[in-house]
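We name chains A, B, ... by the order of the sequence lines, and we start the count at 1 in each one. For clarity, every value in this text was computed on a predicted model and none was experimentally measured.
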There are 2 protein chains.
Amino acid sequence: MGFSIPEVSIRRLSIYLRCLRQALSRGEEWIQSTELARTCGISSSLVRKDLSYFGEFGIRGRGYRVEKLIKAIEEIIGIDEPIKVIIVGAGNLGRALIRHLQEIPYFRVVGAFDKNASKVGSTVSGVRVYPVAEMEKFSRETSPQIAVLAIPPEGLQETVDMVSRAGIRGVLSFALQGIKVPPGVVMNYVEIASEIEFLSYKIKKGSVA
Amino acid sequence: MGFSIPEVSIRRLSIYLRCLRQALSRGEEWIQSTELARTCGISSSLVRKDLSYFGEFGIRGRGYRVEKLIKAIEEIIGIDEPIKVIIVGAGNLGRALIRHLQEIPYFRVVGAFDKNASKVGSTVSGVRVYPVAEMEKFSRETSPQIAVLAIPPEGLQETVDMVSRAGIRGVLSFALQGIKVPPGVVMNYVEIASEIEFLSYKIKKGSVA
DNA sequence: TTGTTTAAGTTATAACTTTCACAAAAACCA
DNA sequence: TGGTTTTTGTGAAAGTTATAACTTAAACAA
Ligand SMILES: NC(=O)c1ccc[n+]([C@@H]2O[C@H](COP(=O)([O-])OP(=O)(O)OC[C@H]3O[C@@H](n4cnc5c(N)ncnc54)[C@H](O)[C@@H]3O)[C@@H](O)[C@H]2O)c1
Ligand SMILES: NC(=O)c1ccc[n+]([C@@H]2O[C@H](COP(=O)([O-])OP(=O)(O)OC[C@H]3O[C@@H](n4cnc5c(N)ncnc54)[C@H](O)[C@@H]3O)[C@@H](O)[C@H]2O)c1
């Protein structure tokens with residue numbers, strides 16, 4: 001076959017999932033690509049194309065069964081089983097993330113880690129904060145798949161290496177820094193400042209036109 | 001001319017900015033496209049291409065003057081003057097964002113807004129929390145450019161409309177929802193769940209290969 | 001000066017992504 | 001039952017973005 005699925009398609013799947021869940025909660029049993037496209041703000045052919053990378057999920061002339069499509073996308077993404085997540089850095093951001101992720105049923109925040117002794121032993125929404133030194137041991141026992149790093153850029157490289165040694169292969173970082181990502185680890189970044197800068201540019205450009 | 005600058009290029013500019021600031025803080029006066037590319041994990045021709053959309057900033061055979069390039073990118077993005085930001089929703093996330101953005105010199109968090117009376121009047125890192133009803137008045141006096149929405153999806157449409165009425169044209173939302181964005185408003189989203197789902201897919205795919 | 005080296009800027013090509021347009025399949029109706 | 005409608009799935013075209021290859025300008029040394 002020799003072709004790869006666009007990364008943007010995967011990101012869109014996760015948006016479709018949100019729309020589909022909303023549709024389901026509104027009691028809708030069927031949905032068409034046009035409807036899904038409209039709520040996501042894209043074209044219907046793109047919706048169909050994205051799905052077609054993974055198989056045939058719809059019925060021609062009818063649309064997609066909402067529930068079935070949700071299950072299918074969950075399986076594609078890999079969240080048919082709850083994903084175990086750890087949070088590194090139990091500061092303001094880390095605590096907000098724990099609370100947020102706890103509310104999402106297909107994530108399980110199994111633990112938090114902090115290097116500050118005063119944070120260790122405390123609990124955030126029922127999630128225990130462990131010393132970073134225990135990460136490898138904890139990981140052997142619990143096998144989390146994802147680490148979310150809510151720490152300053154200073155300790156980033158060291159932490160990524162540690163997380164990798166603990167066998168965690170997916171890392172989401174809130175510290176943006178030129179880092180050597182260990183082999184086998186997939187890492188991405190969220191940077192609010194960049195998002196605001198992007199908006200700033202768009203506003204500026206729009207006002208000129 | 002009839003060609004548009006790719007949005008991804010703008011997003012990369014803001015990453016270049018971070019690398020450049022680091023280089024500056026290390027006392028480096030000059031930087032080459034290869035070096036900038038390496039620290040950002042992309043190709044050097046892409047760096048040069050991105051910059052070439054906006055002009056000529058380097059010296060052939062020499063590279064880019066770090067300080068000059070920072071200034072140039074800041075001006076392109078529109079952060080040569082500090083950007084005034086408001087935060088809507090002074091919960092866990094809102095407070096974490098206030099603290100984070102306060103640390104970045106080219107942002108000025110001028111106020112926070114909450115609909116919960118018990119939050120109103122309090123202060124987070126020196127930023128005052130106002131009732132949402134005062135947003136328009138506040139905005140007339142202070143003219144913030146960007147609103148960051150750290151609220152649940154329920155009130156999103158209403159809040160976006162309010163923010164738009166207040167004359168704010170850039171919105172960053174942490175609630176992902178099929179929303180009608182008022183004309184003239186640029187809106188984008190940050191959704192940690194989507195980022196983790198994306199990682200989940202990549203891990204899953206990697207382990208099969 | 002003049003030749004050589006270096007790295008930016010630019011053009012051409014390749015890779016990727018989206019859209020278009022239509023065939024195919026299911027459902028519905030007379 | 002057969003024709004009509006509807007909407008998916010898909011191959012090809014169009015459009016966009018990234019990479020590679022090349023050209024030009026600056027700097028430096030002899
Ligand atoms: N990228 C973004 O969009 C974004 C948004 C908000 C905050 N941030 C950044 O994230 C970081 C955390 O923000 P915060 O508001 O929670 O700060 P904070 O100071 O409240 O919390 C940081 C926590 O991390 C712990 N920590 C520091 N280094 C660590 C390490 N190497 N290992 C384990 N724990 C460690 C500290 O002990 C502290 O508890 C800050 O650097 C902030 O600038 C980024
Ligand atoms: N997208 C993401 O990545 C992400 C990350 C973290 C949290 N969240 C979401 O963001 C929201 C806020 O998270 P949190 O942890 O701060 O919750 P929180 O309950 O601590 O805070 C929410 C605050 O917003 C206020 N609020 C609610 N509706 C409002 C409105 N219409 N106008 C003004 N203020 C309003 C509430 O009074 C409260 O103070 C939650 O829905 C959470 O799920 C999203």
Side-chain angles (χ1 to χ4, degrees), chain A residues 1-16 19-20 23 28-73 76 198 201-202 205, chain B residues 1-16 19-20 23 28-73 76 198 201-202 205:
Chain A
M1 252 183 264
F3 76 96
S4 67
I5 293 152
E7 296 207 340
V8 278
S9 294
I10 310 299
R11 299 196 110 95
R12 279 191 299 262
L13 287 187
S14 117
I15 296 172
Y16 301 158
C19 295
L20 289 166
E28 295 168 24
E29 203 179 337
W30 293 88
I31 196 166
Q32 282 83 51
S33 62
T34 48
E35 164 70 4
L36 198 47
R38 206 173 39 72
T39 53
C40 299
I42 57 169
S43 75
S44 64
S45 52
L46 190 50
V47 170
R48 297 198 299 276
K49 186 62 123 186
D50 283 341
L51 294 173
S52 79
Y53 288 121
F54 299 97
E56 303 193 4
F57 304 105
I59 292 175
R60 296 176 187 208
R62 199 86 163 71
Y64 303 89
R65 267 192 74 93
V66 175
E67 213 162 340
K68 192 187 153 200
L69 189 53
I70 288 175
K71 288 241 172 66
I73 295 178
I76 293 165
F198 180 71
Y201 172 82
K202 298 278 275 187
K205 212 186 68 163
Chain B
M1 243 179 271
F3 76 93
S4 67
I5 294 153
E7 296 206 340
V8 278
S9 293
I10 310 298
R11 300 196 111 95
R12 279 191 299 261
L13 286 187
S14 119
I15 297 173
Y16 300 158
C19 294
L20 289 166
E28 295 168 23
E29 203 180 338
W30 293 88
I31 195 166
Q32 283 84 51
S33 62
T34 46
E35 164 70 4
L36 198 48
R38 204 173 40 70
T39 52
C40 300
I42 57 169
S43 74
S44 64
S45 51
L46 190 49
V47 170
R48 297 197 299 276
K49 183 107 231 200
D50 283 340
L51 294 173
S52 78
Y53 289 121
F54 299 97
E56 303 192 2
F57 305 105
I59 292 174
R60 297 176 185 205
R62 199 82 163 75
Y64 303 90
R65 266 193 72 93
V66 174
E67 214 162 338
K68 192 188 152 200
L69 190 53
I70 288 175
K71 289 241 170 65
I73 294 178
I76 293 165
F198 180 72
Y201 172 83
K202 298 277 277 188
K205 211 188 69 165

Extract all donor-acceptor atom pairs below 3.5 Å that involve side chains of residues 62-72 of chain B and protein atoms in other chains or at least two apart in sequence.
{"residue": "B:Arg65", "atom": "NH1", "partner": "B:Glu29", "partner atom": "OE2", "Å": "2.9"}

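- Residues meeting the side-chain contact (heavy atoms from CB on, under 4.5 Å) test with B:Glu28, sequence neighbours left out: B:Ala23, B:Arg26.
- With sequence neighbours excluded, no residue forms a side-chain contact (heavy atoms from CB on, under 4.5 Å) with A:Glu56.
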Close N or O pairs between protein and nucleotides 11-13 of chain D (under 3.5 Å):
{"residue": "D:dG11", "atom": "N7", "partner": "A:Lys49", "partner atom": "NZ", "Å": "3.2"}
{"residue": "D:dG11", "atom": "O6", "partner": "A:Lys49", "partner atom": "NZ", "Å": "3.4"}

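- Of the residues in residues 29-37 of chain A, those placing a heavy atom less than 4.0 Å from an atom of DNA chain D are A:Gln32, A:Ser33, in numerical order.
- Taking the side chain to side chain donor-acceptor pair (under 3.5 Å) definition, one finds that A:Arg11 meets it with B:Glu195, sequence neighbours left out.
- Interface residues of residues 38-46 of chain A facing DNA chain C, ordered by number: A:Ser43, A:Ser45, A:Leu46; criterion, heavy-atom separation under 4.0 Å.
- Legend: salt bridge (charged side-chain N to carboxylate O under 4.0 Å, His left out) pairs involving residues 36-45 of chain B, not counting sequence neighbours, sorted by first then second residue: B:Glu35-B:Arg38.
- In summary, contact between chain B and DNA chain C, defined as any nucleotide atom under 4.0 Å from a heavy atom of the protein, begins and ends at C:dT6 to C:dA12 in the 5' to 3' direction.
- Considering only residues two or more places apart in sequence or on other chains, B:Thr34 meets the side-chain contact (heavy atoms from CB on, under 4.5 Å) condition with B:Gln32, B:Ser44.
- Residues satisfying the salt bridge (Lys or Arg N to Asp or Glu O under 4.0 Å) criterion with A:Arg12, sequence neighbours excluded, are A:Asp50.
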B/S/- along nucleotides 24-30 of chain D (protein heavy atoms under 4.0 Å) is BBS----
